[in-house]
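Proteins get letters first, then strands, A, B, ... in listed order; numbering begins at 1 in each.
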Amino acid sequence: MGRITLDKVRKAFGEVEVIPPLDLTIEDGEFVVFVGPSGCGKSTLLRLIAGLEDVSGGEIRIDGQDATMVPPAKRGLAMVFQSYALYPHMSVRKNIAFPLRMAGMDAAEQERRVKSAADVLNLTDYLDRRPGQLSGGQRQRVAIGRAIVREPAAFLFDEPLSNLDAALRVGMRLEISELHKRLNTTMIYVTHDQVEAMTMADKIVVLRAGHIEQVGSPLELYRTPRNLFVAGFIGSPKMNLIGGAVASAHDAATIGIRPEHIRVSDEAGDWTGTVGVSEHLGSDTFFHVNCEGIPDPLTVRVGGEVDLHYGDRIHLSPDPEHLHRFDAEGLRLP
Amino acid sequence: MAPAVFLLLVWMLVPLCMTLWFSLRDYRPLRGGDLGFVGLENFVRFVSSSSFWPAVFTTMLIVGGVLLVSIIFGVLLAMLLDQPMWGQGVVRILVIAPFFVMPTVSALVWKNMFMDPTNGVFAHIWRAFGADPVVWLTDVPILSLIMIVSWQWLPFATLILLTAFQSLDSEQLEAAEMDGAGPLARFFFIALPHLSRAITIVILIQTIFLLAVFAEIFVTTGGAFGTRTLTYLIYQRVLESQNVGLGSAGGVYAIILANIVALFLMRIVGKNLDR
Ligand SMILES: Nc1ncnc2c1ncn2[C@@H]1O[C@H](COP(=O)(O)OP(=O)(O)O)[C@@H](O)[C@H]1O
Ligand SMILES: [Mg+2]
């Protein structure tokens, strides 16, 4: 079981309030991703849940029990750190067994659990090595191994993939998702990378300056961002946000349209512009189009092999069904 | 560069060669002068003299005692100084200060201001509790010397261990905390292994210097009350017994000993740089 409830949890470092009072419920077995720009308080929030920081106010409940004052080791949560935080002078085997040894588990049971974790994580051949002799991805797996042997109520990950190269990151992302499906344990995953959030999460929590901007499934956030911040943060490439007269024409202070929801035509359209720089990805091509009456270039997605060139004049029309409208405060209009 | 190397070589090689030369001769300046080659006789006589093994024992006691005190208190002090606190900079400078006091001066200060049985600070404290003052340098001479020398070397150990502490990744400690390790387990399983290299370096560097401790003994007990170390024995052979040959043989032993320690030190420091 691993249902975690935050009730008006607040955190201040001295005078600076990093997390204003915040409510959040994480259901048992859910894969929740905290996403937001650097410095928005994601790590702090995770460390509050872990018990590594003391809350300045509010209550944390784990499976209904008040855990606000419970020391980290007794919360039944396991954490994977960004730096992996492996113990450099211990072998992989000892690293993974460390929490079991601290719990006073008998040696045979320790060995059994280490073996099964090593099997799951493909570490069997490396059990007698030191962390210094492993690659980044292997170290990451050892850190995960150390977390799973404890059979925790929930896993906490703090940007676990940010030290890996791009190819490895995609692989580990899948492995962690698979681990979640297999174990069915609550996982809380912190990242600043919205792609990781979109691909892995059951539920995304978008944070800005310690505030929750929106909570929802990846598709909910994609389809109905609650405000301009979420609209700009979720989705890649970013949603085009247009203000001024063009927005007023739609009765809004700002309108947003994703690159994939703009139609391109040679003859007619709502907006007229010239093609700028293009980015060919093979499956897709992204064009930056400078339109009359719109200050910033619009990003437009066009299917794979299209014959548009720098300087061509084209016409664009937003797909009305996917047009997002925001008021002067940046909130979504119905 | 060449002149500097030349100067250094002369500076080191001349005394070294003279020591080696005299160690092979029977040379007593006030009793017959240079009496010619005696082969390795000086080396045999130095180690078979009745004062040799007691001197070795005393040396080990003092070196071991000072190492123990400076490592244990050095770790504790380093942990203390690693905590964020008010006036950290000043406190750190104060802790380092004893290292800059000359050995002769610090030994004299300890002897006259702290350990003097009538006017010393310790004597006053003892009397304040109604106890008879300890006559430090006569009753517990080795302990007194260990205290004086440790006071001088504690700052060095603390400084090295403090930098080692500061390089300990705080996430490792937090990971251990989440893994259920209490404060003691965190210290013994995480912090101490992290410090092991620094501790070894402190032990080796200090050993080299502690083997040569001289001024502290000279101004306090003058080698009496069983405080005659190897270094002090060599000094007595040369200057008090006026037997330069015998003393030089002792000196050669000391050089060999210091070089063995230095060899280990170089290997460990070298490994450290390789990582
Ligand atoms: N121990 C601390 N003392 C003071 N300020 C801190 C401390 N830890 C974090 N902060 C501040 O809290 C804010 C949020 O930090 P953090 O949670 O690490 O952000 P994120 O993980 O989202 O990048 C930052 O502005 C940071 O400077
Ligand atoms: Mg962070």
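- Only the backbone of A:Leu86 comes within contact range of chain B, judged by heavy atoms closer than 4.5 Å.
- Counting heavy-atom pairs closer than 4.5 Å to chain B, the top residue among A:Ala143, A:Ala103, A:Pro152, A:Ser83 is A:Ser83.
- In this structure, the portions of B:Ala181 lying under 4.5 Å from any heavy atom of chain A include both its backbone and its side chain.
- In this structure, A:Arg139 fails the cation-pi test against A:Tyr126, since its NZ or CZ atom is not both closer than 6.0 Å to the six-membered ring centre and inside 45 degrees of the ring normal.
- With a 4.5 Å cut-off on non-hydrogen atoms, A:Arg75 does not touch chain B at all.
- When all heavy atoms are compared, the tightest approach of B:His194 to B:Ala164 is NE2-O, 2.9 Å.
- Minimum heavy-atom separation, A:Lys203 to A:Thr25: NZ-O, 2.7 Å.
- Within the 4.5 angstrom heavy-atom criterion, atoms from both the backbone and the side chain of A:Ala50 approach chain B.
- When ring centroids are compared, B:Phe189 and A:Phe98 come within the 6.0 Å threshold.
- Taking the six-membered ring where the residue is Trp, B:Phe52 and B:Tyr253 present tilted rings, their angle falling between 30° and 60°.
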